[in-house]
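Here's the structure we're looking at; comments come further down.
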Amino acid sequence: MIRSLLTALSLSAAVSMAAHAQSAYPNKNVNYIIPFVPGGESDVVARWQQDLFQKRYAPHQIIVLNRPGAGGALAWSQLNRETPDGHTVTGVNLPHLVLQPLEGNVQYKTDDITSVYFFHYTPDAIIVPANSPYRTLAELIAAAQREPERLSIAGSGTNSANHAATVRLQSMANIRLTYVPFKGTGDLVSSLVGGHVQAAMSYTTLALQLKERVRMLAVATAQRHPLFPDVPTFRELGFDWVDGAYRGVAVPKDTPEAVRQQVSKLFAELNSDGDMRKRKSAAGFELVDISYEQIPEFMRQRAQAYQTDARRLGLIKP
């Protein structure tokens, strides 16, 4: 009798411990796939998240795995083949997830990606070399109106966030520029500061990186950026434009709802850390806190906004 009771108690304890181990998250290392090369903005922030995770969840770690290719599409097309237990996540970017499938050259659709959290965006910004004759956006626009397509503007990739922002500017300002796509930031920077292009459609982060070598003419934030108090927003200049490249994380589509929530809460916790917030703000990132519950409406709004850019890019026919 006593032996049977002890056996039953032992089994009950084992089941309880197993259930706890299953519900605890994270309970092992988290593989964090970044769809771009090391050193880019997505990779840099992943390393910051990796450091903070290690402090909070040791001995578990975030393992950053760079899987570049096709502007991120390689990793996103493989996302749903990963183990759906919350311990493999992939970095995601907007508007990439919306614009790339419209091209028809990638192996995934926007609805294939199960995003669970977005943590920041890098505001669009127009940047010129420090010795540029254009000291204001109005001066650059006036020059482009005088000589359509003569002014060249650099950006990262084709049918990308920078490309979409460029065609948006052209439409809003009624000008025609020559967009010059670059595969990497290094080549873009060399071309910009070397005067081979007249401007770049980029982000606040690049302006901070280059500092005195460039001048920012306008920024797509709701209010003036605290690190660039003398730079007007697009809204101040008459353009209804608050946007940039959003970054977040996604999980395989077979991941259970409860685990999706856990991953979302984990990255929200990392994003809310005081030192993390200071670090991101100092680097030019605009923090957001878009949780799993908010993702459907957020994606609906973003996809709707990108439809206009997609038409301008010719990805959607009239």
Side-chain angles (χ1 to χ4, degrees), residues 33-47 64-76 91-97 99-100 103 105-106 121-134 137 140 143-144 149-170 175-220 228 231 243-247 283-285 309 313-315:
I33 299 168
I34 297 299
F36 305 103
V37 297
E41 291 172 348
S42 295
D43 178 74
V44 167
V45 172
R47 305 289 173 175
V64 177
L65 305 171
N66 295 93
R67 193 178 293 172
L74 175 64
W76 297 324
V92 289
N93 296 53
L94 289 173
H96 306 58
L97 294 184
L99 295 181
Q100 285 185 351
E103 292 182 72
N105 298 321
V106 297
Y121 77 94
T122 41
D124 295 324
I126 297 179
I127 303 169
V128 297
N131 61 356
S132 170
Y134 311 118
L137 180 60
L140 186 145
E149 299 183 354
R150 188 187 72 82
L151 268 67
S152 57
I153 184 165
S156 177
T158 302
N159 295 329
S160 60
N162 293 162
H163 196 183
T166 298
V167 297
R168 186 184 306 175
L169 173 65
Q170 291 183 136
I175 58 176
R176 295 206 308 273
L177 303 166
T178 296
Y179 180 72
V180 182
F182 288 85
K183 290 184 177 180
T185 302
D187 290 340
L188 186 154
V189 168
S190 298
S191 187
L192 178 65
V193 299
H196 303 297
V197 293
Q198 282 73 54
M201 181 64 75
S202 189
Y203 309 112
T204 49
T205 47
L206 184 66
L208 282 169
Q209 175 187 332
L210 298 179
K211 296 181 180 178
E212 69 278 354
R213 291 191 287 171
V214 298
R215 181 166 58 249
M216 199 159 70
L217 302 185
V219 61
F228 300 96
V231 177
D243 205 359
Y246 286 84
R247 293 182 180 84
F285 296 103
D309 290 335
L313 289 166
L315 299 176

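Computed over heavy atoms, backbone and side chain alike; hydrogens, waters and symmetry mates excluded. Positions are given from 1, in the same order as the sequence printed here.
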Q) Out of V189, L192, L208, N131, which residue meets the side chain to side chain contact (heavy atoms under 4.5 Å, CB included) rule with V214? A)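 Between V214 and the candidates, side chain to side chain contact (heavy atoms under 4.5 Å, CB included) is satisfied uniquely by L192.
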Q: Quick one: do R67 and F36 satisfy side-chain contact (heavy atoms from CB on, under 4.5 Å)? Show the steps, please.
A: CA-CA 6 Å; R67 193 178 293 172; F36 305 103; over 6 Å; no
If I compare all heavy atoms of [X] with all of [Y], which pair ends up nearest, and what's the gap?
X	Y	result
A125	M216	CB-SD, 3.4 Å
D124	G244	OD1-CA, 3.5 Å
P35	G91	CG-O, 3.3 Å
L137	A218	CD2-CB, 4.1 Å

Q: Go through the structure and list residues passing ring-ring contact (aromatic ring centres under 6.0 Å, His included) with Y246, not counting sequence neighbours.
A: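 Partners of Y246 by the ring-ring contact (aromatic ring centres under 6.0 Å, His included) criterion, ordered by chain and then number, come out as Y121, F298.
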Hey, what do you get for [atom1] ([X]) to [atom2] ([Y]), rounding to the nearest 0.5 Å?
X	Y	atom1	atom2	answer
L94	L99	CG	CG	9.0 Å
S191	Q198	OG	CD	9.0 Å
R215	L210	CZ	CG	13.5 Å
I175	Q170	CD1	CD	6.0 Å
T166	I126	OG1	CD1	8.0 Å

Q | side-chain contact (heavy atoms from CB on, under 4.5 Å) partners for A130, two or more places apart | A |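 Applying side-chain contact (heavy atoms from CB on, under 4.5 Å) to A130 gives none.
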Q. Just by distance, do the side chain of W76 and the backbone of N93 share a donor-acceptor pair under 3.5 Å?
A.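 Not at all, since once roles are kept as given, no pair shorter than 3.5 Å links the two residues.
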Q.
According to salt bridge (charged side-chain N to carboxylate O under 4.0 Å, His left out), who are the partners of R213, at least two apart in sequence or on a separate chain?
A.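 Not a single residue meets the salt bridge (charged side-chain N to carboxylate O under 4.0 Å, His left out) criterion with R213.
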Q. Taking only residues two or more places apart in sequence, or in another chain, which ones meet E103 in a salt bridge (charged side-chain N to carboxylate O under 4.0 Å, His left out)?
A.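 Expected list: none.
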(Q) Between I153 and V197, is the side-chain contact (heavy atoms from CB on, under 4.5 Å) condition met? List the steps. (A) CA-CA 6 Å; I153 184 165; V197 293; over 6 Å; no
Q: Considering only NZ, NE, NH1 and NH2 on the basic side and carboxylate oxygens on the acidic side, decide whether K183 and D187 come within less than 4.0 Å.
A: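 No.
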Q.
Is the shortest side-chain heavy-atom distance between V37 and P68 below 4.5 Å?
A.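 Touching, per the 4.5 Å side-chain cut-off.
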Q | Any side-chain heavy-atom pair of L217 and I127 under 4.5 Å | A |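 Side chain of L217 against side chain of I127, heavy atoms only: no contact under 4.5 Å found.
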(Q) Test side-chain contact (heavy atoms from CB on, under 4.5 Å) on I34 and L65; report intermediate values, then the result. (A) CA-CA 6 Å; I34 297 299; L65 305 171; over 6 Å; no
Q) With under 30° as parallel and over 60° as perpendicular, where do the rings of Y179 and H163 fit, or are they tilted in between? A)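 Plane angle under 30°, so parallel.
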(Q) Does either side chain, that of T178 or that of E149, offer a donor lying less than 3.5 Å from an acceptor on the other one? (A)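 On atom types as modelled, these side chains do not qualify, holding no pair under 3.5 Å.
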(Q) Between T122 and R247, is the side-chain contact (heavy atoms from CB on, under 4.5 Å) condition met? List the steps. (A) CA-CA 8 Å; T122 41; R247 293 182 180 84; 3.2 Å; yes
Which atom pairs, donor and acceptor, lie under 3.5 Å between side-chain atoms of residues 199-206 and protein residues at least two apart or in another chain?
from	atom 1	to	atom 2	distance (Å)
Y203	OH	N162	ND2	3.2
T204	OG1	G284	O	2.7
T205	OG1	E41	OE2	2.1

(Q) The criterion is side chain to side chain donor-acceptor pair (under 3.5 Å); which residues satisfy it with D309, sequence neighbours excluded? (A)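 Per chain and number, D309 pairs via side chain to side chain donor-acceptor pair (under 3.5 Å) with R168, R312.
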